[in-house]
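By convention in this document, chain letters (A, B, ...) are assigned in the order of the sequence lines, proteins followed by strands, and residues within each chain are numbered from 1. Just so you know, these numbers use all the heavy atoms, side chains as well, and skip hydrogens, waters and symmetry mates.
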2 protein chains.
Amino acid sequence: MIRYVYDFTDGGQAMANLLGGKGAHLAEMTRMGLPVPPGFTITTQACRSLLSTGHEPEQLTDELAEHLAALEESMGRHLGDPNDPLLLSVRSGAQRSMPGMMETILDVGLNDTTVRGLAEVSGNADFAWDSYRRLLQMYGATVLGVDLNLFATVLAAHPDPHELPLVVEQFKEIIRSTAGEEFPQDPAGQLRRAVRAVFHSWNGERAKVYRRREHIAEDLGTAVTVQVMVYGNLGPDSGTGVAFTHDPATGHEGIYGDYLPNAQGEDVVSGTRNAIPLKQLERIDSPSFHQLQDCLLSLTKHYRDLCDTEFTIERGKLWMLQTRIGKRTAEAAFRIAAHFVDEDVITPDEVLGRVTGEQLGQLMFPRFDTAHAESPLAVGIPASPGAAVGAAVFDSHEAVSRAGLGEDVVLVRRETSPDDLPGMIAARAVLTGRGGKTSHAAVVARGMGRVCVCGTETLNIDPSARAFTTADGTRVTEGTVISVDGTTGAVHLGALPLVESDVMRYFEYGEETTALSAAVAHALERADHARRLGVRANADTPEDAARARRFGASGIGLCRTEHMFLGERRHLIETMILAGTEADRRQALDDLLPLQRDDFTDILAAMDGLPVTIRLLDPPLHEFLPDRTELTERIAARRATGTTPDPHDVRLLAAVTRLDEHNPMLGLRGVRLGLVTPGLYAMQARAVGEAVAQRRRDGGEPHAEIMIPLVATTRELSRAREEVTAVLTEVSTATGIDVHCPIGTMIELPRAALTAGPIARHADFFSLGTNDLTQTTWGLSRDDAEASFLPAYLAQGICDVSPFETLDLDGVGRLVAIALEEGRAAHPGLSVGVCGEHGGDPESIRFFDTAGLDYVSCSPYRVPIARLEAGRARYFQR
Amino acid sequence: MIRYVYDFTDGGQAMANLLGGKGAHLAEMTRMGLPVPPGFTITTQACRSLLSTGHEPEQLTDELAEHLAALEESMGRHLGDPNDPLLLSVRSGAQRSMPGMMETILDVGLNDTTVRGLAEVSGNADFAWDSYRRLLQMYGATVLGVDLNLFATVLAAHPDPHELPLVVEQFKEIIRSTAGEEFPQDPAGQLRRAVRAVFHSWNGERAKVYRRREHIAEDLGTAVTVQVMVYGNLGPDSGTGVAFTHDPATGHEGIYGDYLPNAQGEDVVSGTRNAIPLKQLERIDSPSFHQLQDCLLSLTKHYRDLCDTEFTIERGKLWMLQTRIGKRTAEAAFRIAAHFVDEDVITPDEVLGRVTGEQLGQLMFPRFDTAHAESPLAVGIPASPGAAVGAAVFDSHEAVSRAGLGEDVVLVRRETSPDDLPGMIAARAVLTGRGGKTSHAAVVARGMGRVCVCGTETLNIDPSARAFTTADGTRVTEGTVISVDGTTGAVHLGALPLVESDVMRYFEYGEETTALSAAVAHALERADHARRLGVRANADTPEDAARARRFGASGIGLCRTEHMFLGERRHLIETMILAGTEADRRQALDDLLPLQRDDFTDILAAMDGLPVTIRLLDPPLHEFLPDRTELTERIAARRATGTTPDPHDVRLLAAVTRLDEHNPMLGLRGVRLGLVTPGLYAMQARAVGEAVAQRRRDGGEPHAEIMIPLVATTRELSRAREEVTAVLTEVSTATGIDVHCPIGTMIELPRAALTAGPIARHADFFSLGTNDLTQTTWGLSRDDAEASFLPAYLAQGICDVSPFETLDLDGVGRLVAIALEEGRAAHPGLSVGVCGEHGGDPESIRFFDTAGLDYVSCSPYRVPIARLEAGRARYFQR
């Protein structure tokens with residue numbers, strides 16, 4: 001038998017899906033014996049029925065009447081009683097809190113008659129007429145769709161409380177003329193229509209936008225609580241407030257909150273009047289304060305968490321109107337959780353249910369104290385978190401030279417290229433005008449832990465003038481100090497004060513200097529204990545490898561080799577590309593070999609005993625050559641002035657033009673480059689093999705793995721594998737040391753996922769490259785999308801979240817599942833990891849854990865976050 | 001009980017999978033009573049067993065001995081008999097013919113003793129010694145891997161037949177010194193090892209390349225036929241030849257072929273000696289000629305098709321050595337099929353098994369207009385029809401590399417060998433100096449539909465000088481453009497103008513002017529009757545629409561609207577993009593509306609009564625602006641000379657830079673452009689709606705369908721659909737004519753296929769965009785791939801065929817199947833078509849038919865091909 005209405009004495013906190021959070025917790029508090037105004041809740045099921053059929057379930061009318069009668073009886077007062085009317089609040093309350101997103105109607109039961117009765121029993125006519133005016137306003141707007149501004153204008157014109165009866169008349173007239181109907185004098189009718197209107201507010205615009213942002217399903221519906229009104233606006237012995245069991249900013253225990261004497265609850269929440277600190281209530285009304293303190297203590301004990309409550313004091317009598325598990329800052333989350341463990345309130349493992357990777361991420365980077373900051377110069381895409389201050393510089397060379405003199409600098413570029421690497425290393429932060437979260441600047445900065453804001457399109461960056469101009473015309477020249485916030489994307493003029501992260505100090509130096517870092521350490525220890533997923537790092541240098549290890553990585557899941565071809569070695573690649581003869585090309589490769597070998601040797605040393613997955617060269621060759629537009633400009637300018645262009649420029653432009661692709665992301669890269677560039681992969685495989693041999697000779701325990709990128713077909717992999725294996729065999733023979741190692745492939749194209757079975761027969765492991773896989777599955781270049789339509793899509797709700805941040809389960813996730821299932825079916829025990837950006841994303845990690853991956857790999861700085869989330873994924877699976 | 005050896009009297013044509021084509025047809029001819037030298041066939045199963053285990057099945061030795069004994073008994077001669085030795089041929093023969101790709105060993109049974117016996121019984125010592133030297137050569141190369149050049153050098157040094165015993169001694173010495181073993185004198189041992197070597201030749205390089213190109217499975221294996229040797233080189237009353245039951249070029253009935261007196265079969269096939277027309281045999285040996293004529297007649301009746309035979313006349317006695325269903329030109333295929341129907345040899349529907357879409361395509365190719373051509377450089381043998389223009393290249397490598405850069409090339413060779421296969425694939429035409437219609441070059445080119453002229457003996461081809469010289473001394477060097485006419489054999493300097501075919505004239509004007517076009521018309525009539533798939537055309541203009549209709553299209557599957565924004569209208573799009581104000585932008589759209597409406601009205605008129613699927617704007621906006629490099633050069637040049645750049649150029653460059661994308665294929669296009677460009681899709685929908693209203697008012701029967709491109713998510717489609725529907729409703733209200741029409745979507749991204757179920761709920765139809773779907777599934781931009789690595793991939797056998805030509809069943813096909821299945825499950829009866837290039841590809845059409853698509857849509861010129869292949873798909877399904 002379906003039941004649509006539950007009295008507060010019937011329900012409990014476990015019924016939030018049916019009663020909504022508010023209804024469930026009101027019932028819970030009622031059963032705990034806390035002072036809750038009586039009432040009942042109409043279920044979300046009734047809402048769903050109404051929204052899908054267009055009318056309330058028939059049975060609801062009877063149930064509602066029954067519960068109303070019981071309420072009237074228990075209160076000894078009746079709805080519509082002209083002398084002492086029962087008045088009701090009608091509030092929304094969904095399973096997950098959607099604060100302020102749906103509607104509320106208070107004072108239901110007032111009409112032209114009962115308002116006088118209320119005036120009589122309250123002894124406060126102004127209060128009674130003010131309540132009636134509130135009802136008309138809320139009912140008018142919510143039930144009848146009247147524009148709230150019409151009411152506000154009238155109210156503002158009649159500020160004197162004695163004019164309230166006149167205001168009420170005018171409000172009724174507004175309703176009559178705009179809604180075309182009279183405000184109903186029948187209290188039962190008011191209630192019925194109020195309930196229906198609150199149900200319908202589930203589908204209001206604000207609610208929809210909020211749900212999209214918060215990923216709340218559209219078809220859950222809201223519950224409605226109907227509760228006896230209590231009043232905080234009956235005089236100085238009344239009031240209303242919000243109380244927390246702990247400080248939501250720091251996590252300290254105690255009573256925190258705000259109190260507003262002689263006011264209704266909505267006045268606190270809406271912030272239209274200034275509240276006083278809750279502690280001052282002790283001075284005003286000590287008994288109520290201590291009773292509230294007891295209530296909060298009971299709630300803490302009962303809920304074993306920070307509770308966030310609303311209460312009203314009506315003429316010295318405390319009423320609890322709401323409680324819920326309270327939101328808190330990252331710091332508070334860790335400290336409260338640790339504190340509860342110390343107090344034996346929760347088990348050590350329960351910490352994993354109380355803190356998130358996102359919160360940990362917030363604690364790892366320095367922050368700006370923006371309390372006194374002026375508005376920012378611009379806001380771009382926050383691409384690598386943290387806060388940095390430095391002098392703006394406009395090229396890599398300037399960055400290096402100023403940093404060499406001890407100056408902090410921010411490298412400002414339209415967009416960065418591999419040429420900017422030295423400058424990025426030297427700078428505190430990188431600021432670009434173009435590109436999204438996977439642009440060169442963003443990826444490199446994140447990997448190095450540099451602050452980065454990219455895609456700041458309102459800035460007009462002019463490197464030749466060594467200055468940028470903001471949207472409002474402010475010009476910032478080289479050397480001017482700016483502050484860059486990689487967490488928010490804001491760029492400020494001048495130096496904002498910095499707050500350093502003690503959590504980062506803990507990771508870097510292992511000192512648990514503060515209660516906070518101890519709390520973080522404890523949470524990570526539990527996560528490591530709980531998790532099934534391995535956590536590796538994406539690291540390309542010995543320094544990054546060492547850091548990743550300090551941060552708890554169990555290996556390198558992605559060691560990119562392209563960064564090893566930059567800087568001073570660049571000319572070797574240039575030579576290889578421009579090589580006139582086969583001999584020149586071979587020579588360039590031969591020159592690269594020892595350099596690559598040393599790179600690998602050092603990285604294998606830093607990760608001694610742990611796996612290091614080395615990806616062979618992936619990006620298109622033209623990335624190693626200068627920018628085409630710059631070359632074109634230089635040559636055109638020379639020709640126009642009758643000067644012969646530099647022949648090297650001309651050769652370079654010819655090469656760039658030859659290698660130029662319409663869509664380099666879909667062009668000659670990865671294994672394609674390896675298969676059509678004789679000797680390239682062989683040289684890299686030889687460097688790996690020789691590095692392994694070297695490490696063995698030095699007594700080390702190297703675990704190299706070689707990974708072939710961008711495979712679409714089985715034959716590409718088998719050919720590349722043959723070539724690599726042959727080289728490793730040669731090196732083994734030459735050195736007398738067996739340097740063979742696992743050879744695997746990236747699964748980063750839909751076709752690779754769709755043919756994972758046959759491919760797995762040639763692979764020792766899979767690594768899911770979910771960045772590229774997302775790009776091709778969606779047909780979406782991340783840089784281009786983030787610079788053009790993706791922001792609009794997010795704003796318009798066409799996408800809830802960027803598929804580059806959180807794995808798209810329906811599309812990309814389905815391919816991941818196919819690759820796993822069919823890969824393992826063809827090759828039992830196949831190791832499968834992920835090395836895209838999603839490897840550090842909490843929601844995606846839960847999916848990877850459930851799907852059965854072996855490990856995730858992410859940037860060193862996200863390793864702790866991934867460890868925590870991998871532990872949480874298991875914790876919530878139990 | 002497995003059986004590995006079948007006597008010719010035991011098998012038959014139906015056993016080709018076990019006996020190979022050669023063995024099965026030899027058995028068939030034996031059973032027909034035709035004169036076939038006795039012998040037996042060792043099965044493909046034995047080959048598979050050998051190749052997988054590394055040794056012959058044990059039982060094979062016994063069976064071989066048994067069948068050999070039976071053969072000796074029936075012949076009354078014995079292997080190794082010093083007086084009158086039995087000699088055997090050992091030939092490969094796979095299920096599908098692989099001409100010249102595997103090995104053959106003749107004269108098995110000769111040794112130092114039996115050679116003298118053969119000399120004796122043949123009365124021809126030169127012949128006997130020549131046979132022995134051939135055995136040593138073939139055995140040495142095939143069984144022992146000796147370089148054939150070593151033998152060739154010795155042979156060239158001793159041209160006199162009397163020196164043959166000396167040559168034999170030197171050949172034996174070559175074998176001894178390079179293979180490290182003696183040539184075996186034991187005939188049974190020779191036979192055993194010859195059989196094994198021929199089996200192993202299945203895995204030779206040439207055979208592998210050929211199988212990849214022809215899509216023959218790697219694991220089928222070859223059969224081996226062992227047959228009593230007969231000799232065409234015993235004197236002037238002997239000879240060997242190739243005979244066809246019909247002219248393979250024209251289809252005319254009669255005896256066609258080549259005859260080479262006093263020669264072995266290999267001399268004909270390799271084209272090393274020039275044969276005489278077969279008809280001259282009547283003069284040389286009338287009885288044999290007439291007996292051959294009778295044999296051919298029997299074969300035609302029996303096989304009900306064109307047969308291609310090899311025969312030998314040994315001292316006036318005719319022996320049939322091979323028959324198979326002969327390859328033929330496209331013209332011959334249609335004419336022979338029509339002729340057989342007329343003669344009641346085959347049923348009208350059987351025509352569908354005899355002609356292919358590829359052949360029809362060849363007949364639609366233009367020919368050269370030679371009216372004003374200068375006299376040809378040379379005339380060779382027209383070996384594969386069609387007309388081709390390209391730069392002369394002199395080796396396979398150069399052909400592949402130039403074709404990879406997009407150049408049309410003609411491969412010019414003295415004669416071709418299987419090594420030239422990659423170059424033949426890459427070239428437009430093949431031109432050789434030696435060899436006839438059955439030479440390697442001719443057979444392979446016909447199979448691939450490449451133009452081929454062979455035996456052009458007046459040309460002096462010098463590959464090392466990379467040039468050829470004509471009879472009158474004209475020298476043509478590499479890179480010079482020549483025109484090759486495969487229908488006439490003429491080779492011209494420069495590029496000749498082309499004329500249409502009469503089949504094309506038939507399609508264009510409906511006149512069955514020739515027997516050929518009547519044959520084509522008949523085949524298409526049967527195909528239309530048989531086929532289930534609809535065939536629509538991709539057409540963007542009224543002219544294309546009208547042509548498509550003439551060619552038999554049942555509607556337009558893809559009407560692209562971007563072409564409508566080019567030419568004179570381009571400035572309107574420019575205005576829209578550059579528009580300073582919202583009003584300017586709106587004005588540009590308003591100006592475009594009547595133009596678009598007229599476009600649609602005309603196309604709907606041309607396709608009156610048939611569906612026209614209109615795709616809303618798809619490509620990125622920057623495609624409508626000038627080239628970035630050109631603008632950059634122009635502005636840089638002006639700046640360098642102190643001139644102010646044109647302000648319009650500067651604005652254009654700013655817009656191009658803003659719209660510039662790293663990977664436009666993955667950028668702001670399709671529905672993305674529609675959703676973020678206010679008014680664009682609304683304008684297009686309005687133009688469609690108003691065009692439909694106009695056509696209705698004019699008494700027409702318009703069937704417009706609106707298609708939303710590049711959808712990745714359900715919400716993109718539902719938003720675009722809402723916008724379009726709202727506009728159509730407005731137009732309906734304004735005109736009083738209901739202009740609502742089906743609204744569907746392209747499925748051209750992996751994500752769309754993977755989420756086809758939910759998407760189908762918002763779509764009235766799907767159109768599979770297999771071009772884009774291939775690009776994203778493979779992560780492969782067609783333009784870039786074809787310019788860089790795809791040719792190398794094809795040449796190296798990493799890909800068998802470009803996935804842009806034939807649908808990749810494992811990857812893209814799987815997505816197609818998912819989209820179909822899940823789309824129809826969610827939306828029963830959903831119409832699904834395909835509008836990529838694959839819609840015109842025969843192999844892909846078979847897949848689309850089986851998968852259950854409703855229609856394919858392709859370019860107007862491929863409509864007849866698609867009709868034929870759609871009919872064939874059903875015919876072969878029966």
As an exercise, state the distance from CE of M665(B) to OG1 of T776(A), rounded to the nearest 0.5 Å.
14.0 Å

What part of R638(A) gets within 4.5 angstrom of chain B, counting heavy atoms only: side chain, backbone, both, or neither?
neither

So does L754(A) get a backbone contact from the side chain of R814(B), meaning a donor-acceptor N/O pair under 3.5 Å?
yes

Highest number of heavy-atom pairs under 4.5 Å with chain A among I635(B), T713(B), L780(B) belongs to L780(B)

Sort E415(A) into side chain, backbone, both or neither according to what part of it lies under 4.5 angstrom from a heavy atom of chain B.
side chain

Heavy-atom proximity to chain B below 4.5 Å, by part of A792(A):
side chain

Of all heavy-atom pairs linking P664(A) and H662(B), the shortest is CD-O, 3.3 Å

Relative to chain B, which of L815(A), I798(A), L749(A), D808(A) shows the most heavy atom pairs under 4.5 Å?
I798(A)

Using atom types as modelled and distance alone, determine if a side-chain donor or acceptor of D784(A) lies under 3.5 Å from a backbone N or O of N663(B).
yes

Could you please spell out the steps behind the side-chain contact (heavy atoms from CB on, under 4.5 Å) verdict for Y793(B) and E716(A)?
CA-CA 9 Å; Y793(B) 267 32; E716(A) 287 174 319; 2.7 Å; yes

Toward chain A, the part of V711(B) with a non-hydrogen atom under 4.5 Å:
neither

Scored by heavy-atom pairs under 4.5 Å with chain B, the best of L673(A), L668(A), V676(A) is L668(A)

Leading residue by heavy atom contact count with chain A [cutoff under 4.5 Å; candidates R719(B), E633(B), R639(B), R669(B)]
R719(B)

What part of T777(A) lies closer than 4.5 angstrom to a heavy atom of chain B: side chain, backbone, both or neither?
both

Applying a strict 4.5 Å limit to non-hydrogen atoms, the region of D772(B) in contact with chain A is neither

Measure distances from L631(B) to the heavy atoms of chain A and classify the residue's part below 4.5 Å as side chain, backbone, both or neither.
neither

Please determine, among T714(A), L666(A), T632(A), L710(A), the option with the most heavy-atom pairs under 4.5 Å with chain B.
L666(A)

Between A712(A), C799(A), G779(A), A753(A), which shows the greatest number of heavy-atom pairs under 4.5 Å with chain B?
G779(A)

Within 6.0 angstrom of E821(A) CD, more than 12 heavy atoms from elsewhere
no

R672(A) side-chain N/O to F789(B) backbone N/O, donor-acceptor pair under 3.5 Å
no

Contact origin within A636(B) toward chain A - heavy atom pairs under 4.5 Å
both

What's the shortest heavy-atom distance between A640(A) and A640(B), and which atoms?
CB-CB, 4.3 Å

